[in-house]
Structures are given as structure tokens and as C-alpha cells.
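A short write-up of the structure that comes next.
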Amino acid sequence: MEVTTMSHALQLHAQIVKLGPQNDVASRNLSKLFTFAALSPAGNLNYARLLLNSNTTPFNSYYYNTLIRAYSRSSDPTHHTKAFSLFISMLRGPHPLPKPDNFTFPFIIKCSCNHFTLQQIHAFVTKMGFASDRFIINALIHAYSEFGELGIAHKVFDEMIDRDVVSWTTIIDGLVNGDRPIEAMGLFESMLEGGVEVNDVTVVSVLRACADAGALSLGKRVHGIVKEKGIACKGSNISTALIDMYVKSGCVESARKVFDDVVDKDVFVWTTMIFGLASHGQCEEAIDLFYEMVASGVKPDERTITVVLSACRNAGFLRECNMFLNDAEKLYGVKPTIQHFGCVVDLLAREGRLKEAEDFVSTMPIKPDAVLWRTLIWACKVHGDIDRAERFVKKLELQEKSADDSGSYILASNVYASVGKWCNKAEVRELMNKKGLIKPPGSSRIEVDGVVHEFVMGDYNHPEAEKIYLKLDEIVDKIRKEGYDPKVSEVLLEIDYEEKAIQLLHHSEKLALAYGLIKTTEGSKIRIVKNLRSCEDCHEFMKLISKIFQRDIIVRDRIRFHHFKNGVCSCKDYW
DNA sequence: ATAGGGTTAG
């Protein structure tokens, strides 16, 4: 008989007490009752704990492990602490408790709060002879990855003897989350070579990697695998990942095809497609698709609203923007977030309606965040309203939240520099140093002839780095000696190489640039996916690149795509 | 008599 409610559980408990712990029926019921109390959403963790502490419950590792498992699933960190103290008492006593076993570790690993604790547990795992337990090791790999210890995670993975799909998927997923999609993709390839069967989870992870890297060719291959094996039937999450991958690799049409074939579209599928259209400059289509979604009976969530608002913003539809903002709560029960308000502010600011933007911010029911201030400051800078920019910079500086955000500081220092207030700029820089803010290196990835190349600022790791630098020097030299050469140097000349413009380009971008010059000789589209930190960077870079290649360019920054035709950006985006 | 690891949009 199944236990389904707490009152039923209490009845059983009474019966158990009556029968006594020695009774067979009683002990079977006890385990049922306990499992229900600990794990069922209708159960009660504290009650399970009481049961464990009562002397009728046998010293059996099952009960301890189950309770630790229950604690580990909770989002409440004090539960993790409780799990830990249970674990410790299992290790050391004082009472004769069951020793931690192979079941204990996967749960307790989930409870560790930092990588030091994790390493201690890892040591116990080894000491107690569980170093070849796949479940435990997979849990370790996952946990190390979550703490950003990808090096250790990778090492543990490498040293494993019998890796299975989960091991591979875990490390791949960890690399994707750690912004190392290229390595993730590499591992996926080795996994295929090694003949490991991939499943739906693997596919979703590797598709995320492809999306991040703009790796269309591998993305397509994965799509092929999905079709071949029919893995997609299980749910819409693969479809969502595929749509996202195509969108971020610059292929809305392919994304749309996948989208149209999804029979039971959920909110994720719709939202991703709406984002896809909006980010490719098809803003009105995106808005239409939003209405289609609502008509089909799927309720938009917070993210959907953000996406449709950003479509309005990119299209310059202020009226619609306000309308959707009002509808969000009334029609769809979505509480407006800072991103939602941010869209309206962004739109006003871009159009140069800076006072309106400022007024809007002061009437918002939510406290503006650093991103919002930055949007405003940037717009002020573009529209030459430096007084207002300075006022916003002050607001930004007051905000503790921006303390860990080096982007804000850099923006602030740029504002000061642009009006020649070098003292203030120096102050900001100093503040940054004091807080130990180091800007993470910029990186870019480019797919040329089916190969994704990654460049990190200041790196020399590209296999053809030397060649690339040589080529770059050669070009620069040529410009110096011969001046203008319309074939290759138009842009470099125009931007005044030595003086300033090249400073806008990171090392990585120089590499990509030069590499493109050497290698890219055919095709009409170049996909470049960049993790740029601001639209400013993005546009500077892309203006250059698209002129050099003399063809259409699609580039993605953190938020959206920018289309460049003949060196002109076609989306209404700051420009 | 009884359990375990990896899961989607920026």
C-alpha cells in the first residue's frame, strides 16, 4: 500500500508502535513511511528527522542516506548543513551509526558549499575506496564544475576508467557553463569517436556549446544525429536548443523550420523563436509571433515579455513598448522586472529623449540597477549630454551593486575621458584597482570554412597565430610604405592605425581580422559570434570587419545581433 | 526491503 498523505503516515506510525519494531510488517511499513516523509512533496522533513532519531528506527544506512538525500534536494542552505552534520556523525560516531557508503556520497557531494569542502569529501571518497564508483565520480565532476574548478573536474574526468554518457555529458555541460564551448565541442567529438552513445541531455548541452560558439557546422551535424536517432521525440527542449543554435549562428530560416515542425510548442519554444526573429531585425514578425503564441493558448512568462519588449525597442516602437509593459501584469500575470522597464528606458534614451528617460526612471516602482544606469550613460554620451551623463555616473557609483561590475567603471572612466576630465578618470581607475576589479579578457570566435577559431585577448594560442601576426605586420608595413591600398588596407588606413583606432581592437580581434584576410575567400556571409561587452565595442569592430570583407556580416554581442550591409548596421541599434 | 550521477532561453 502506498503512503500518500501525512495523516495516513501518522496512522501507520501508530500501528508500527503497537506492533513493535521486531515485527516484519512494521519494519516494512516503517521504511515506506520514512521514505514518504523525507522525499515526498506532501511529506515532512522534520518528521522524518524525528523518526530517524527515535530508537525504533534501525541503524541502517538507508535511513541516513535518504534523509541526507532529502536535505541535499532542498534549496535551503541550513538543510545542507544538517546533512553535513549527519554525515560527520556517520563518520565519527559518537553512537554506533552506519558508515557512509556508496549511496551517501552522491548526496553529500551536492551539499558542499565550496570547493574546499568538496576536496575534503573527495579525499574521503578515495580513502574509503570509492574512487571507481561512477555515480560518485560523476557527481564530483559536476560539483567541481559548478564551483568553477573546471581544471580539477577535467582531471577527475580524465582519470576515470569507465566513463559513461553521464560522465561525458557532465564535463561537456560544465565546460559550456564555464564559457568554454570550444573545448566542450572537442570533447563531444571525442565522445562520438569513442563510440559512446549520446542521449538527449548530451545533445542539449552540446547544442548550447554550438550556440555560444556560433558553430553552425557542428550544430548541423548534431541536428543530423538528432534526426537519425529520433531523440527529439521526448520533449521540446531539444527543439528549443536547436532553434537557439540556429538563431545564434545567424540562420533564422533554419530556426524557423525547426520551430514550424514542433507539434506541441511550449513557452520555451515560442520565446526562443520570438527572440530569434527580434534579434535578426525582424521585429514586426517577432511581435506578430507573440500574438500568435497568445492566441494558441500558451501563456507568456517573464522572459517572453522581455523578448517581445526588446523587439519593440529594436524596432523603435515606443507605443507598443508601453502597451506590452502594461499588459504584462494585467493580461498575463507577469510582474514587470527591471529588464522590462529597461527596454522602455533604453528606447527613450536611444532616441535622444533623455529627459523623458530620466523621468521614467524616477517613477519606476523598482530600483534601477547598474545595467540601466549604464544604458543611460551610454546614450547620454552618444547624444552629447555630458552633464546628464555625469549625474548618472554619480548614481551608478552610489550603488553597491555595481561594485563587482567592472563594466560600469570602465564606462564611467570613458565618460570622464571623453570630456577631458582626466582626474576623475584616474579616480575611477584607482577605485577599480582598490576593489581588485580586473576586466576579464575579451574573446571572440569566428567560424571560417567550417572551423571555429577562438581568440582570447593577448593570447598566442591559435595554431596559426604566428602567421596571423606576420600577416598583420605585413599589412601595417605596407600601409606605412605605400599608403592606401584599396584591396586590403582601406579600413586600416581610414582608422589611423597608429594613433588610436587599433586600440579599440583587442589582440583577439586583430587576430581574427588578419585571419579573415588570409583565409576567407568565398561565401557571402561570415558568421562572427563575439562576446563583446558593449555595443560600442561591437560596432567599432564590425564596421571594420564588414568593410574589409566587403560583404554582409552578422555579429552577436551579449544581447543581440547586428547586421552589417556594406559596412552599415541595418538594425536600429544605437546607430 | 531500499536508494545513486548529467536537463533548456540572455
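Values reported hereafter were calculated over all heavy atoms of this structure, with side chains retained and with hydrogens, waters and symmetry mates removed. Quick caveat, the model's predicted, so the values are computed rather than measured. Numbered from 1 within each chain, the chains take letters A, B, ... in sequence-line order.
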| task | Report the C-alpha separation of Asn29(A) and Leu33(A) in whole Å, then their side-chain angles, then the decisive distance to 0.1 Å, and conclude whether the side-chain contact (heavy atoms from CB on, under 4.5 Å) test is met. | result | CA-CA 6 Å; Asn29(A) 281 345; Leu33(A) 156 64; 5.8 Å; no
Nearest whole Å is fine: how far is [N] [atom2] from [X] [atom1]?
| X | N | atom1 | atom2 | result |
| --- | --- | --- | --- | --- |
| Asp173(A) | dG6(B) | CG | P | 10 Å |
| Asn102(A) | dG4(B) | CG | P | 12 Å |
| Ile137(A) | dG4(B) | CD1 | C1' | 13 Å |
| Phe36(A) | dA1(B) | CZ | C1' | 19 Å |
| Asn29(A) | dT2(B) | CG | C1' | 14 Å |
| Phe135(A) | dT2(B) | CZ | C1' | 15 Å |
| Tyr62(A) | dG4(B) | OH | P | 9 Å |
| Leu140(A) | dG4(B) | CG | C1' | 13 Å |

Hey, does [X] reach any base, or is it just sugar-phosphate, or nothing, if we go heavy atoms under 4.0 Å?
| X | value |
| --- | --- |
| Arg134(A) | base |
| Val166(A) | base |
| Thr169(A) | base |
| Phe107(A) | sugar-phosphate |

Is there a donor-acceptor contact under 3.5 Å linking the side chains of [X] and [Y]?
| X | Y | result |
| --- | --- | --- |
| His340(A) | Thr306(A) | yes |
| Asp244(A) | Thr272(A) | no |
| Asp200(A) | Asn237(A) | no |

Which of the following nucleotides, [options], is nearest to the side chain of [X]?
| X | options | result |
| --- | --- | --- |
| Arg28(A) | dA9(B), dA1(B), dG4(B) | dA1(B) |
| Pro106(A) | dA9(B), dG6(B), dG4(B) | dG4(B) |
| Asn237(A) | dA3(B), dT7(B), dG4(B) | dT7(B) |

| message | For dT8(B), does the base pair up with any side-chain atom of Asp244(A) as donor and acceptor (N or O, under 3.5 Å, distance only)? | response | no
| Base dA3(B) to side chain Asn65(A), donor-acceptor N/O within 3.5 Å cut-off | yes
| field | Summary of ring-ring contact (aromatic ring centres under 6.0 Å, His included) pairs that have at least one residue in residues 132-155 of chain A, sequence neighbours excluded | value |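 Sorted result for residues 132-155 of chain A: His122(A)-Tyr144(A).
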| query | Is the aromatic ring centre of Phe103(A) closer than 5.5 Å to the centre of the six-membered base ring of dG4(B), with the two planes inclined by less than 30°? | reply |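 No; by the centre-distance and plane-angle rule, Phe103(A) does not count as stacking on dG4(B).
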| Hey, can you pull the residues of residues 295-312 of chain A with a non-hydrogen atom under 4.0 angstrom from DNA chain B? | Asp301(A), Arg303(A)
| message | If the condition is side chain to side chain contact (heavy atoms under 4.5 Å, CB included), which residues does Arg28(A) pass it with, not counting sequence neighbours? | response | Asp24(A)
| Cation-aromatic face contact Lys299(A)/Tyr332(A), 6.0 Å, 45 degrees |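 Negative - Lys299(A) is either too far from the ring of Tyr332(A) or too far off its axis.
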| task | Run the numbers on Phe157(A) and Trp168(A) for ring-ring contact (aromatic ring centres under 6.0 Å, His included), then give the verdict. | result | CA-CA 8 Å; Phe157(A) 172 81; Trp168(A) 285 94; 5.0 Å; yes
